[in-house]
Amino acid sequence: MELLSALSLGELALSFSRVPLFPVFDLSYFIVSILYLKYEPGAVELSRRHPMASWLCAMLHCFGSYILADLLLGEPLIDYFSNSSSILLASAVWYLIFFCPLDLFYKCVCFLPVKLIFVAMKEVVRVRKIAVGIHHAHHHYHHGWFIMIATGWVKGSGVALMSNLEQLLRGVWKPETNEILRMSFPTKASLYGAVLFTLQQTRWLPLSKASLIFVFTLFMVSCKVFLTATHSHSSPFDALEGYVCPLLFGTGSGGDHPHNHGAAGPLHSPLPAKSREELGEGSRKKKTKKAD
Amino acid sequence: MELLSALSLGELALSFSRVPLFPVFDLSYFIVSILYLKYEPGAVELSRRHPMASWLCAMLHCFGSYILADLLLGEPLIDYFSNSSSILLASAVWYLIFFCPLDLFYKCVCFLPVKLIFVAMKEVVRVRKIAVGIHHAHHHYHHGWFIMIATGWVKGSGVALMSNLEQLLRGVWKPETNEILRMSFPTKASLYGAVLFTLQQTRWLPLSKASLIFVFTLFMVSCKVFLTATHSHSSPFDALEGYVCPLLFGTGSGGDHPHNHGAAGPLHSPLPAKSREELGEGSRKKKTKKAD
Amino acid sequence: MELLSALSLGELALSFSRVPLFPVFDLSYFIVSILYLKYEPGAVELSRRHPMASWLCAMLHCFGSYILADLLLGEPLIDYFSNSSSILLASAVWYLIFFCPLDLFYKCVCFLPVKLIFVAMKEVVRVRKIAVGIHHAHHHYHHGWFIMIATGWVKGSGVALMSNLEQLLRGVWKPETNEILRMSFPTKASLYGAVLFTLQQTRWLPLSKASLIFVFTLFMVSCKVFLTATHSHSSPFDALEGYVCPLLFGTGSGGDHPHNHGAAGPLHSPLPAKSREELGEGSRKKKTKKAD
């Protein structure tokens, strides 16, 4: 009986890992990605005034992970754009989300139950992209642990890791922060997932790839759906990191070093409040607002 | 009689498309490109204080299109720099324009009739680069419509599409704008030209490549010479776009969306004047000036 | 007798050029590179709050030259990261320098005599990297003079040439300056070294590669050790450049050009003091401080 259930679970995982992503899952991925673009301040106005820039940003949101992975692995940056059908599908989603009469499409996909389904399907795509990215990197670099992890990470995180560039395209520039400094949950989860899939790929994790995809997808879907449903920005890794980081990297209170204050002006650097007071009034206000 | 004229026109187009660009046309391209660099505020001072940075900028102005296309297609970024003779020619032009005694060379090439000839010859090079770029992309991606258009576009637009980077090299940073947000006439024309040449390459446009090169060159030369002669910054596409854009992308007046004002601080984003008043005095003045 | 000494000198140079760099010399390279990262304002605090960003910066400091050279030559950006042992060694150095209890490791390697040894060994690695980079570029482009020089230069300069990007990763943004505008001694020396090695590679310099490596290493080591010991930021090329530059590129006082002041707002550009006074108080102070 147990054998049977194990078999059927393994078979379930296997068939799940073979479900084609195009077009239904990809469509969900595009919808959720471009929704997040529309949430950005100024994005709607941008789409009216500069549709070309808005479309390019939408493409980065949908295909940023491929662009970054191609950059890392030395392949043509726009290699993925040869999939004309994907590009057309994403363009149609972009058009419907930004320009549909009465904002009908946007209102439909923003309706929470509908949105949660799309969010769940987006995570399915994300996990699959991590697995495929690591398989691809492993093909080129058999012992390149760091390369596999990095490729899986960028495949999972996508546009988030190039957010400064994406913002610049929209005429927005926030150098004080970036995704590495403030990792969101999907970026962190992609990193941890990339480590797991790399361990699996190099046979250090005694698990079939289909099972890992299945388990990690379940984890990602449940986390992301819960976070989206509760409008929460916390992360299930917080507890773990709160325990491990002080152990490994100190308490965060120290770090005062004579060299650090002798060198060139500490402007723009993430320094304590005191040094900010040396700045002029206007800059200080601006900076304080940005830091919020 | 008509057949004869058609034959001779076709032959004219064919022989025109075979005129070698090096060195005369390339020389004009370099002269006009580096002239535009010299027009940039601070460029002359930069050349005196930091000749190396000035030279690098000049190279970006002359060969930016090759660098961008190589980046997109995954080829070595400095591949084109193996053409030592082109680099030496461009370097000589850079030296003459910036450091010629009494500014003689600059004054000569800035003399309007002379400049118009060079501008016309630059457009010949631009159109040829678009055609070659699309042919090259088609060779790699037979059905990669978007790749062909993108390659042709960057080959035609050149340094304009990397203007933020080029400015950064000179110590100038204007994140509020970029070429995508404010397309100049050559950038737009390159985009439309890239679409036309892609249609021709994929046999959707019943025209020989030589004829298309001939016709599009005629169009570009006449437009650019007219715009340069009249110091105009308008574009012949304005009328068309004024008709099509509102139809496709709304009127530009709408776009107020509840989500857009609830999210994180809208600094640096292209927002209406009101939100700017929240900024400190110094920053506001600076921003207003920049926006002009 | 003279023949004998020449022989032994040649043999010495040859055996010197064959000394393996891993792990001892590479270790010194990593130590000195990450030391310079720790000297950056805000770096220690960054390592406490954002260890991931700090680690990535450390990797850029150690392997930036490979990343840049790979970018130029169209190879995978993270190609070098397949050398897991190098990455692990550099990561260990990063951890020890930033998180060693009582800052013991940092205090040891900062002790001047010890540091001077490491600095000397770092220069050995730098010269070897220039030579290898040019050999590699020559392999791909036999007559690509500019490509060879560029590759050698980025291999020698490393992270300095991508300092803006490295700062951005730490949330710091100083667009007013970059390594091209203010070349440090190692960057300049790498450029001149790259020219020399390119001349040697193309047989214009009648010298064996081993001898050139030997002589140039001696020069770099003595210069860098002297500069480090005296905490000096001057450069041995200053005298030469002070003589050649005015001859080639004018006096630096001139360069006033009518076009330069008529164009778009000159904000952020390296302009004389007057135009700065138009900025608001806060911005002006900020700018002045940065310019120091």
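The structure displayed is predicted, hence computed values, not measured ones. Below, read A as the first sequence line, B as the second, and so on, with proteins coming before strands; counting in each chain starts at 1.
- The aromatic rings of A/Y36 and A/Y39 sit perpendicular to each other, their planes meeting at more than 60°, with 30° as the lower class boundary.
- Among A/I180, A/L72, A/T151, A/D70, the residue making the largest number of heavy-atom pairs under 4.5 Å with chain C is A/L72.
- If you measure heavy-atom distances from A/L191 to chain C, the contacts under 4.5 Å come from the side chain alone.
- By the 4.0 Å N-to-carboxylate-O rule, A/R126 lies close enough to A/E123 to be salt-bridged with it.
- Looking only at distances, no side-chain donor or acceptor of C/E166 sits under 3.5 Å from a matching main-chain atom of C/H61.
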Audit row: A/T187, A/S184, side chain to side chain donor-acceptor pair (under 3.5 Å) steps and yes/no: CA-CA 5 Å; A/T187 308; A/S184 60; 3.1 Å; yes
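- Neither the backbone nor the side chain of C/F98 comes within less than 4.5 Å of any heavy atom in chain A.
- Heavy-atom pairs under 4.5 Å with chain A were tallied for C/S84, C/A53, C/S54; the largest tally goes to C/S84.
- Listed in order of number, the residues of residues 153-165 of chain A that approach chain C to under 4.5 Å between heavy atoms are A/W153, A/N164.
- Heavy-atom neighbours of C/F226 CZ from other residues, nucleotides or ligands within 6.0 Å: at or below the threshold of 12.
- Only the side chain of C/L56 comes within contact range of chain A, with at least one heavy atom under 4.5 Å from a heavy atom of that chain.
- Taking 4.5 Å as the heavy-atom cut-off, the residues of residues 73-83 of chain A that approach chain C are A/L73, A/G74, ordered by number.
- The main-chain N or O of C/L227 is never found under 3.5 Å from a side-chain atom of C/H231 such that the two would form a donor-acceptor pair.
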Stepwise side chain to side chain donor-acceptor pair (under 3.5 Å) check, C/W55 with C/S91: CA-CA 7 Å; C/W55 180 79; C/S91 303; 2.9 Å; yes
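- Not one N or O on the side chain of A/E176 forms a donor-acceptor pair closer than 3.5 Å with the backbone of C/V172.
- The pair C/K122-C/D26 does not count as a salt bridge, with every side-chain nitrogen at least 4.0 angstrom from each carboxylate oxygen.
- The side-chain tip of C/K38 points at the ring of C/Y106 from less than 6.0 angstrom away and within 45° of straight on.
- With hydrogens and angles ignored, the 3.5 Å screen pairs no side-chain donor or acceptor of C/Y29 with any backbone N or O of C/F118.
- With a 4.5 angstrom heavy-atom cutoff, A/M183 touches chain C only via side-chain atoms.
- In this structure, C/H50 contributes its side chain and A/L181 its backbone to a donor-acceptor pair below 3.5 Å.
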